[in-house]
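Notes for the one structure printed next.
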Number of protein chains: 2
Amino acid sequence: MGATKSELFTPLQSELASLAKALAHPARIAILQELLQKNSCQCGELVSTIGLAQPTVSQHLKELKHAGLIRGSIEGSRICYCIDTTNWNRQKSLLEDFFQELPPLPQSCC
Amino acid sequence: MGATKSELFTPLQSELASLAKALAHPARIAILQELLQKNSCQCGELVSTIGLAQPTVSQHLKELKHAGLIRGSIEGSRICYCIDTTNWNRQKSLLEDFFQELPPLPQSCC
DNA sequence: TGGACCTATCGTAATATTGCAATGAAACAA
DNA sequence: TTGTTTCATTGCAATATTACGATAGGTCCA
């Protein structure tokens with residue numbers, strides 16, 4: 001059917017999956033890397049950096065904004081994007097709590 | 001079109017996106033949580049725990065296996081799944097390198 | 001052998017995602 | 001005002017994902 005049966009899962013499971021979904025495209029990874037590296041914000045610059053058409057980049061930016069990972073603010077005729085630091089750190093710790101370190105060779109099975 | 005233009009991205013970007021895609025469904029998060037918690041492996045147990053049909057769970061397991069996050073081995077008439085520890089730790093550090101901690105309020109823009 | 005179990009795979013339907021051309025909206029400069 | 005620049009939105013086509021019934025292929029036990 002293609003529709004997730006969301007009533008089966010806990011809020012945490014859904015939140016983690018949403019975060020992962022926001023990261024689940026190389027273009028969005030590339031956008032975040034740009035924003036992390038340049039710290040200062042970008043906009044149409046991203047279009048030429050990434051190599052996708054402007055509407056496509058705009059759509060990816062929308063998804064990242066919806067996930068709370070970035071923010072955008074109008075700055076004259078341009079729009080300034082940057083990492084949403086507070087949310088970023090929250091998501092980071094969410095992921096870290098899930099992605100616990102495992103001892104190299106426990107393998108109590110398999 | 002629905003097909004990612006993968007030639008535009010670096011191997012690292014594609015790898016991170018693939019990892020995120022593997023985690024981008026609450027059922028797969030739930031499966032991993034089960035495997036992390038019970039340490040020992042599961043199989044048909046997961047079907048009743050998750051609440052999805054058996055073919056659906058089997059499909060999610062296949063994706064997690066393809067992503068290298070879990071392994072499955074035949075154990076009599078059952079199949080024993082568990083976290084692929086080595087790969088897990090590698091993916092973890094991959095994600096950590098990307099998801100760097102950010103100072104609470106730098107905001108050199110926006 | 002036959003039946004009971006467990007899991008993978010196939011086939012299919014419903015839905016979601018990706019990508020872009022065309023267009024719209026807002027800011028700015030001449 | 002008119003034109004330019006910048007970005008969002010709309011609409012659509014192509015592809016991917018999600019879910020499950022039906023079925024196939026194993027193991028195990030009697």
Side-chain angles (χ1 to χ4, degrees), chain A residues 1-9 13-14 17-31 34-35 41-67 70-82 109-110, chain B residues 1-9 13-14 17-31 34-35 41-67 70-82 109-110:
Chain A
M1 307 179 196
T4 294
K5 289 197 161 183
S6 50
E7 74 277 7
L8 292 178
F9 308 103
Q13 287 165 345
S14 298
S18 292
L19 168 59
K21 191 176 282 186
L23 301 175
H25 195 287
R28 294 195 287 273
I29 296 286
I31 289 173
E34 270 300 287
L35 293 184
C41 328
Q42 316 293 323
C43 41
E45 254 187 296
L46 287 167
V47 175
S48 49
T49 308
I50 308 287
L52 289 170
Q54 179 267 322
T56 308
V57 173
S58 189
Q59 189 173 300
H60 283 304
L61 286 169
K62 189 179 176 183
E63 286 174 59
L64 288 172
K65 200 157 57 176
H66 181 256
I70 66 175
R71 292 188 307 151
S73 62
I74 300 171
E75 205 153 276
S77 71
R78 311 197 164 198
I79 293 187
C80 169
Y81 282 104
C82 60
C109 69
C110 304
Chain B
M1 306 179 194
T4 295
K5 288 197 161 183
S6 50
E7 72 279 9
L8 292 177
F9 308 104
Q13 287 165 346
S14 298
S18 291
L19 167 59
K21 193 176 283 186
L23 301 175
H25 195 287
R28 293 194 288 272
I29 297 286
I31 290 173
E34 270 298 291
L35 293 184
C41 327
Q42 315 294 322
C43 42
E45 258 187 293
L46 286 167
V47 174
S48 49
T49 308
I50 308 286
L52 288 170
Q54 179 268 321
T56 309
V57 172
S58 187
Q59 191 171 298
H60 283 305
L61 286 169
K62 189 180 178 183
E63 286 174 59
L64 288 172
K65 200 158 56 177
H66 181 257
I70 67 175
R71 293 188 305 152
S73 61
I74 301 171
E75 204 152 275
S77 72
R78 311 196 163 199
I79 293 188
C80 168
Y81 283 104
C82 60
C109 69
C110 306

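Chain letters run A, B, ... following the sequence lines, proteins first and then strands; every chain starts at 1.
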- Map A:Ala3 and A:Gly51 onto DNA chain C by nearest heavy atom, then report which one ends up closer to the 5' terminus. A:Ala3
- Message: Within the supplied structure, the quantity of interest is the number of heavy atoms (other residues, nucleotides, ligands) at a distance under 6.0 Å from B:Ile74 CD1; does it exceed 12?
- Response: no
- Query: Rounded to the nearest 0.5 Å, how far apart are OG of A:Ser73 and CZ of A:Arg78?
  - Reply: 13.5 Å
- Message: Using side-chain heavy atoms (C-beta onward) and a distance below 4.5 Å, is A:Phe9 in contact with A:Thr4?
- Response: yes
- Closer to the 5' end of DNA chain D via nearest nucleotide, is it A:Gly44 or B:His60? A:Gly44
Protein N or O to nucleotides 25-30 of chain D N or O, pairs below 3.5 Å:
none

- Note on the structure: Checking C:dG19, D:dC7, D:dA19 against the side chain of A:Leu52 (C-beta onward), the nearest is C:dG19
- Query: Which part of the nucleic acid, if any, lies within reach of B:Glu63 when heavy atoms closer than 4.0 Å are counted: base, sugar-phosphate only, or nothing?
  - Reply: sugar-phosphate
- Item | Spacing of CG belonging to A:Leu8 relative to CG belonging to B:Leu52, to within rounding of 0.5 Å | 5.5 Å
- Task: Five pairs at each end of the helix from C:dT1-D:dA30 to C:dA30-D:dT1: take the axis at both ends and give me the angle between them to 10°.
- Result: 10°
- Message: Just the rounded figure in Å: distance from P of D:dT18 to CG of B:Leu23.
- Response: 12 Å
- Query: Considering all heavy atoms of both residues, which atom of A:Ala17 and which atom of B:His25 are nearest to each other, and what is their separation?
  - Reply: CB-C, 3.7 Å
- Using side chain to side chain donor-acceptor pair (under 3.5 Å) as the criterion, list what pairs up with A:Ser14, not counting sequence neighbours. none
- Pair listing, side chain to side chain donor-acceptor pair (under 3.5 Å) test, anchored in residues 49-60 of chain A, at least two apart: A:Arg28-A:His60
- Message: What's the separation between atom CD in B:Gln13 and atom CD1 in A:Ile50, rounded to the nearest 0.5 Å?
- Response: 7.0 Å
- Item | A:Glu45 side, atom CD; A:Glu34 side, atom CD - distance, nearest 0.5 Å | 7.5 Å
- Task: Residues of residues 24-31 of chain A with any non-hydrogen atom less than 4.0 angstrom from an atom of DNA chain C: list those, numerically ordered, please.
- Result: A:His25, A:Arg28
- Task: Return the value, rounded to whole Å, for the distance between atom CD of A:Glu45 and atom P of D:dT5.
- Result: 17 Å
- Which atoms form the tightest heavy-atom contact between A:Ala24 and B:Ala24, and what is the distance? CB-CB, 4.4 Å
- Rounded distance in Å - CG (A:Leu8) to P (D:dT18): 14 Å
- Starting at atom CZ of B:Arg78, determine the distance to atom P of C:dT7, rounded to an integer number of angstrom. 7 Å
- Note on the structure: One should read off an interatomic distance between A:Leu64 CG and A:Ile70 CD1, to the nearest 0.5 angstrom, of 4.5 Å
- Task: Check the distance between C:dA16's P and A:Lys5's NZ and give it to me in whole angstrom.
- Result: 15 Å
- Query: Of all the choices, D:dA19, D:dC7, C:dT18, which nucleotide is nearest to the side chain of B:Thr4 once you look at every atom?
  - Reply: C:dT18
- Note on the structure: CG (B:Leu35) and CG (B:Leu46) are apart, to the nearest 0.5 Å, by 6.0 Å
- Query: Under 4.0 Å: is that the gap between some side-chain N or O of A:Thr56 and OP1 or OP2 of C:dT18?
  - Reply: no
- Task: Rounded off to whole Å, could you give me the NZ-to-P distance for the A:Lys21 and C:dA16 pair?
- Result: 9 Å
Taking N or O atoms only and anything under 3.5 Å, show me the protein contacts with nucleotides 8-13 of chain C, one pair per line.
residue : atom : partner : partner atom : Å
C:dA8   : OP1  : B:Tyr81 : OH           : 2.2
C:dA8   : OP2  : B:Ser58 : OG           : 2.6
C:dA8   : N7   : B:Gln54 : NE2          : 2.8
C:dA8   : N6   : B:Gln54 : OE1          : 3.0
C:dA13  : N3   : A:Met1  : N            : 3.4

